[in-house]
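In this chain, numbering begins with 1 at the start of the sequence shown. Values reported hereafter were calculated over all heavy atoms of this structure, with side chains retained and with hydrogens, waters and symmetry mates removed.
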Amino acid sequence: MLLRNIAVVGLLVCAGGLGLAQTPEESADKAKELPAPPPPAFSTKGLLEIELTRGSGLTFGVDPATISISPDGVVRYVVIATSPSGATNVMYEGIRCTSAEFRVYARHYPKTGWTKVSSQAWRSLYASNQSRHTLAIARGGVCDAAAPRMTVAEIIEALRDTPIKDYE
């Protein structure tokens, strides 16, 4: 019994020395987002398409070449919404799987290029009808439960292997 207690105390001391025991402030610091890289160049060819079941009239697709995973766990990508007339709306977005949130960093306009979005607050994937495409992307392959997939290749494979659908 004494040996077991000594072993437990030893493990706790080692865990504290390795930084495994954290204060709430330290845990909160790890949740901070790293600065987002600038929006990447994108293509409208070879998009991973998203099927929205409740007709918005738009088709959505993710450019696989723009998908990235940052060390803080944020998955960023460019999504392109296309109207039946061919007009496009291009957004640089990020998903944080651990908190089921997303944000839009920038929008692309044909004449002016990328424009940073003024309000870059994180929003719930479930809070807005306007984020249906983002929820579909998260569930369709970006997130593996409450964590991002391990590599960009795994994300692309998951998005290609399973049709991305707007989940009811």
Participant: Please report the shortest heavy-atom distance between A106 and P39, naming the atom on each side.
Facilitator: CB-CG, 3.8 Å

Participant: Could you go step by step and tell me if L159 and I67 meet the side-chain contact (heavy atoms from CB on, under 4.5 Å) rule?
Facilitator: CA-CA 11 Å; L159 293 174; I67 300 171; 4.1 Å; yes

Participant: Which heavy atom of A138 sits nearest to which heavy atom of L125, and what is that distance?
Facilitator: CB-CD1, 3.8 Å

Participant: Any salt bridge (Lys or Arg N to Asp or Glu O under 4.0 Å) involving residues 101-113? Give me the pairs, sequence neighbours left out, ordered by first then second residue.
Facilitator: E33-R103, R96-E101

Participant: Same cluster or not: V104 versus Y126, using hydrophobic residues (I, L, V, M, F, W, Y) connected whenever any side-chain heavy atoms lie under 4.5 Å apart?
Facilitator: yes

Participant: Which heavy atom of D63 sits nearest to which heavy atom of T66, and what is that distance?
Facilitator: O-OG1, 2.7 Å

Participant: For T98, which residues count as a side chain to side chain donor-acceptor pair (under 3.5 Å) partner, sequence neighbours excluded?
Facilitator: none

Participant: Can you measure from OH (Y77) to OG1 (T134) and round to the nearest 0.5 angstrom?
Facilitator: 4.0 Å

Participant: Name all residues meeting the side chain to side chain contact (heavy atoms under 4.5 Å, CB included) criterion together with C97; count only those two or more places apart in sequence or in a different chain, and write none if there are none.
Facilitator: I95, V142, C143, P148

Participant: Testing the basics here: between P64 and I156, what is the closest heavy-atom pair and its distance to 0.1 Å?
Facilitator: O-CD1, 3.7 Å

Participant: Provide the closest heavy-atom pair for G61 versus I50 in the form atom of the first, atom of the second, distance.
Facilitator: N-CD1, 4.4 Å

Participant: Could you identify which residues cluster with I80, counting Ile, Leu, Val, Met, Phe, Trp and Tyr as linked when any side-chain heavy atoms lie under 4.5 Å apart, either directly or through a chain of such contacts?
Facilitator: F42, L47, V74, V78, V90, Y92, Y105, W114, W122

Participant: According to side chain to side chain contact (heavy atoms under 4.5 Å, CB included), who are the partners of S119, at least two apart in sequence or on a separate chain?
Facilitator: A121

Participant: By side chain to side chain donor-acceptor pair (under 3.5 Å), which residues pair with S85, not counting sequence neighbours?
Facilitator: S83

Participant: So, for A36 and R76, which heavy atoms are closest and what is the spacing to 0.1 Å?
Facilitator: CB-NE, 3.5 Å

